[in-house]
Amino acid sequence: MDYFKRSRIKALLTEGKEKNDVMILGWVRTKRVSKNVAFLEINDGSGLKNIQVVIEATDIEKFNLSSINTGASVKIMGNLVKSLGKGQSVEMQPTTIELLGSAPEDYPLQKKRHSNEFLREIAHLRPRTNLFGVINRFRSKMAYAVHSFFQGQGFYYAHTPIITANDAEGAGETFQVTTLNLQKLLNADPKKGNGIIDYSQDFFASPTNLSVSGQLEAEILATALGDVYTFGPTFRAEKSNTTRHLSEFWMIEPEMAFADLQTDAKMAEMFLKYLAQYALDNCQEEMELFNKFVDKTHTRILTLENIVKSDFETVTYTDAVKILENAKKKFEFPVKWGIDLQSEHERYLTENHFKKPVAVIDYPKDIKAFYMRLNDDEKTVAAMDVLVPQVGEIIGGSQREDRYDYLERAMIKNNIPMDNEHGLGWYLELRKHGSVPHAGFGLGFARLLMYFSGVSNVRDIIPFPRTPKNARF
RNA sequence: GCCCGUUUAGCUCAGUCGGUAGAGCAAAUGACUGUUAAUCAUUGGGUCGUUGGUUCAAGUCCAUCAACGGGCGCCA
């Protein structure tokens, strides 16, 4: 095979040196033919830039150039030489061109700009465009950065289950997982049953669903390994039809033993700063494209630099409500202590008032999840939402309730089943054996990438988006 | 789930007062001394989202469903 013999185009262009007997494997982006000379632009996915292959007039027929169209895959052998034209330092003079897979003239990706909406319909081809190539490479690099940060901080990577019998936190609607034959159940004689599904016959002998969060299991591991993080898919069956919700999305959830809310907020800030610095240092090609073509204000790189430079703001929910009440802006939903902050309120805080990432802490207990630690005022909990301009909530976290009796009370109040068979008895029991203060947060990977890139629809930041009524590809 | 908008050539869109359809780009063909999403010329390409209604006549008006886009709620 040629796989190990070929050179990657990114490497050839980065070196920029003359070199003989080079092999490239890639796809034709464009072909320009004139009387005396022809050009092929080849991209192999290793980077944004194409390599230019120059074909002299006498060779146009020899290489059967008429059969090689935009989209075709080719194997080209030849020599890298200094370019005679402008726009590239080196170019390729081919000795052989082999057509591996042809592309017909109705290849959907034309030599023109396509709308993102159209490209979503051809998700099997859109990674071959400049923008989506860059997005996918950026995604990969930033995923690596996530691991790099936590591993560097001494965290262990934890794999939490995807199928689970518990509905984590009531974080949302869940996708049921079953091997029961629904058609058979539907056709069953109603006189025989009592209308109740017998889950003892199901695969796990109990109702199960796809996980909405790995947090509760991560807490188990944190109380053994100290610091852990999850980075995996989560599933929410809410019919959210917006530019920032997916039914299947990747989430990063660190969980830290011996940490309080202040530590949690500090870690979130360190994390975002690390990621911003990583993108600036290691994703220049990607950030330049985002800055130039995606972000209409061309301030994406500046935004990342500001994340690195400036300290995040921390404001209590109570103070945030005061800021909003004193704001001159009229809100569609009036602000009052005790309400959950609406999108417009969050946007005002982060975009108009602070103009940078803001951590809002200490929310009223009634609007937050049962596992968050009750503050001494008995009215608020040690919760934290990190809000960023344009995207809104990017991180949600809290210090967890580590006191047995407090947690038990909260679980009773929230109707959380506490049996050990199907309920969260084990979660409560963790507080019985060497309980420690601990805290963590969840960061939506897609929202992070939206924030850093300026891509405004979450369906363009993940290669194969799952949304209500859409699970194609 | 709610509100608003869109649906016409492969793509992006025009289409006036209801009278059977247009541009740019793309493609094909040709021209062109090194091009950079080349340029220039020519050609082909349409069940006007679905179903129904009003009308002598519907891309155009009305209803319906659907898909897509944007906003809201829920959240990450």
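Every heavy atom of this structure was used, including side-chain atoms; hydrogens, water molecules and symmetry mates were not.
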Hey, is the side chain of A/Arg447 pairing donor to acceptor with the base of B/rC75 inside 3.5 Å? yes
Classify the side chain of A/His114 versus the base of B/rC11 as yes if they form a donor-acceptor pair under 3.5 Å and no if they do not. no
Pi stacking test for A/Phe39 and B/rG34: under 5.5 Å apart, planes under 30°: no
Within the 4.0 Å heavy-atom criterion, would you say A/Ile395 contacts the bases, only the backbone, or no part of the nucleic acid? sugar-phosphate
Which residue is it: A/Gln88, A/Arg29, A/Arg32? I am looking for the one with a side chain to side chain donor-acceptor pair (under 3.5 Å) to A/Glu41. A/Arg32
Fit a plane to each ring of A/Tyr317 and A/Trp337, take the angle between them on a 0 to 90° scale, and name the class: parallel (under 30°), tilted (30 to 60°) or perpendicular (over 60°). perpendicular
Can you list the stems that RNA chain B is part of, where a stem is at least 3 pairs in a row, each Watson-Crick or G-U, with both distances below 3.5 Å? B:1-7 with B:66-72, B:10-13 with B:22-25, B:27-31 with B:39-43, B:51-53 with B:61-63
So what does A/Glu91 hit on the nucleic acid, given a heavy-atom distance under 4.0 Å: a base, only sugar-phosphate, or nothing? base
Which nucleotide wins on minimum distance to the side chain of A/Lys112, given the candidates B/rA76, B/rU12, B/rC75? B/rU12
B/rC74 base to A/Ser240 side chain: any donor-acceptor pair below 3.5 Å? yes
In terms of the angle between their ring planes, are A/His114 and A/Phe118 parallel, tilted or perpendicular, with boundaries placed at 30° and 60°? tilted
So A/Gly442, base contact, sugar-phosphate only, or nothing? Heavy-atom distance under 4.0 Å. sugar-phosphate
Base, sugar-phosphate or nothing for A/Arg113? Non-hydrogen atoms, less than 4.0 Å. base
Sugar-phosphate, base or nothing in reach of A/Leu84, heavy atoms under 4.0 Å: base
